Amino acid sequence: EAQVTQNPRYLITVTGKKLTVTCSQNMNHEYMSWYRQDPGLGLRQIYYSMNVEVTDKGDVPEGYKVSRKEKRNFPLILESPSPNQTSLYFCATGDRFNEKLFFGSGTQLSVL
Amino acid sequence: RKEVEQDPGPFNVPEGATVAFNCTYSNSASQSFFWYRQDCRKEPKLLMSVYSSGNEDGRFTAQLNRASQYISLLIRDSKLSDSATYLCVVTGNAGKSTFGDGTTLTVKP
C-alpha cells in the first residue's frame with residue numbers, strides 16, 4: 001500500500017530541546033516537502049527536496065533544517081524549538097515536479 | 001497581495017445546492033493547478049487537477065483561465081459529505097507549491 005508515514009502524530013516539548021519529525025514514503029517519489037499549517041495562514045511550505053541531496057527553502061524555512069540522504073526519508077529538524085513553531089506539520093511527496101501531492105497524517109507540535 | 005487567493009467563505013449551503021469556489025493566482029509562470037480537500041485537522045487529499053480545457057469528475061467540475069489567472073471549482077448536487085475545506089494549489093516549475101488559505105464548505109440537511 002502506498003504510504004507517507006509521518007511520526008510522531010503528537011509532540012509536546014519545551015523551548016530549546018532539539019527534535020526531529022520523521023517522514024518516510026514507499027512510493028519512490030523524487031519530490032518531498034514539509035508544510036506547516038496555522039489558523040488564518042493556511043499551509044506554508046518550509047522546505048522541499050527535488051531529489052536525494054537536493055533541498056531548497058520554501059516560504060518559512062527559518063528555525064528548521066532538513067536532509068535528504070536517501071530517497072524515501074525526509075526528516076524535519078528543529079534544532080532549538082520556540083513557541084512560535086507550535087503548529088500542525090505535514091510532510092508530502094509527489095512524482096516529478098510535485099504533481100499530485102500525497103500527504104502524511106500530520107504532526108501536531110506544541111512547544112512550551 | 002498573496003500569491004494564491006481564495007474566497008474566504010465560509011459557505012453554508014443546503015443539500016442539493018450548487019456551489020462555486022474561486023481562486024486567483026499572481027504568478028503568470030505557474031504551471032500546475034489543483035484542488036485539494038481537507039477535513040478538519042487531517043491531511044489534505046487531492047480532489048482534482050485543473051486544466052485549461054476544464055475537467056469534470058462526477059459532480060465536480062474544475063476550470064482554469066490562464067489569461068485571467070483564475071481557477072474555479074463547481075460542486076453540483078451538494079452532499080453532506082462534501083463538507084470540508086477546499087484548498088486551491090498552484091505549482092511553479094521550480095517545485096514550489098503555494099496553497100490558498102482554503103474555503104470552508106458546510107452542507108446542511
Side-chain angles (χ1 to χ4, degrees), chain A residues 2-7 9-10 21 23 25 27 29-51 54-61 66 68 74 87-110, chain B residues 1-10 21-27 29-52 55 57 60 62 64 71 73 84-105:
Chain A
Q3 279 187 328
V4 182
T5 303
Q6 191 178 331
N7 283 299
R9 182 70 181 89
Y10 301 95
V21 185
C23 178
Q25 52 107 352
M27 291 178 277
H29 283 165
E30 295 170 339
Y31 180 91
M32 298 186 75
S33 183
W34 278 102
Y35 300 86
R36 62 177 287 175
Q37 188 171 32
D38 303 288
L41 295 175
L43 273 154
R44 293 179 293 168
Q45 193 171 38
I46 303 171
Y47 270 96
Y48 63 97
S49 170
M50 299 291 280
N51 215 326
V54 179
T55 61
D56 285 289
K57 295 178 180 179
D59 295 315
V60 289
V66 293
R68 189 85 183 277
F74 191 46
S87 187
L88 178 59
Y89 291 85
F90 288 105
C91 173
T93 77
D95 53 11
R96 285 173 59 85
F97 303 111
N98 72 315
E99 295 273 336
K100 300 179 184 179
L101 294 172
F102 297 86
F103 284 82
S105 54
T107 296
Q108 179 61 59
L109 172 65
S110 295
Chain B
R1 183 189 171 193
K2 291 185 177 181
E3 286 187 52
V4 178
E5 295 204 60
Q6 291 186 241
D7 288 343
F21 302 141
N22 302 315
C23 174
T24 58
Y25 60 96
S26 60
N27 185 351
S30 299
Q31 295 200 336
S32 303
F33 309 89
F34 306 92
W35 284 101
Y36 280 75
R37 171 193 168 128
Q38 186 178 26
D39 294 288
C40 187
R41 308 295 288 175
K42 294 191 175 180
E43 72 273 23
K45 293 184 179 179
L46 179 67
L47 179 66
M48 299 179 74
S49 302
V50 189
Y51 308 111
S52 297
N55 49 309
D57 183 2
F60 298 83
L64 166 66
I71 304 159
L73 176 68
T85 296
Y86 291 84
L87 304 168
C88 171
V89 182
V90 174
T91 301
N93 61 0
K96 185 175 180 297
S97 294
T98 303
F99 284 72
D101 289 348
T103 301
T104 298
L105 171 67

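Quick caveat: nothing in here was measured; it's all calculated off a predicted structure. Protein chains get the first letters and strands the later ones, always in sequence-line order, with residue 1 at the start of each.
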Is there a side-chain contact between Phe90(A) and Lys42(B) in this structure, where contact means two heavy atoms from C-beta onward sitting under 4.5 Å apart?
no
Counting only heavy atoms closer than 4.5 Å, note whether Gln38(B) contacts chain A via side chain, backbone, both or neither.
side chain
State, to 0.1 Å, how close Tyr36(B) and Leu101(A) come at their nearest heavy-atom pair, and which atoms those are.
OH-N, 2.6 Å
Within the 3.5 Å criterion, strictly below it, is a donor on Gln37(A) or Arg41(B) matched to an acceptor on the partner's side chain?
no
Considering residues at least two apart in sequence or located in another chain, which fulfil the side-chain contact (heavy atoms from CB on, under 4.5 Å) criterion with Thr98(B)?
Glu3(B), Val4(B), Lys96(B)
Minimal non-hydrogen separation, Ser49(B) against Lys100(A), with atom names:
OG-CE, 3.7 Å
Can you name the residues that form a ring-ring contact (aromatic ring centres under 6.0 Å, His included) with Tyr47(A), not counting sequence neighbours?
none
Looking at every non-hydrogen atom in both residues, tell me the closest pair between Leu43(A) and Pro44(B) and how far apart they are.
CD1-CG, 3.7 Å
Spatial distance of atom OH (Tyr35(A)) from atom OG (Ser97(B)) [nearest 0.5 Å]:
4.0 Å
Min side-chain heavy-atom separation Lys45(B)-Phe103(A) under 4.5 Å
no
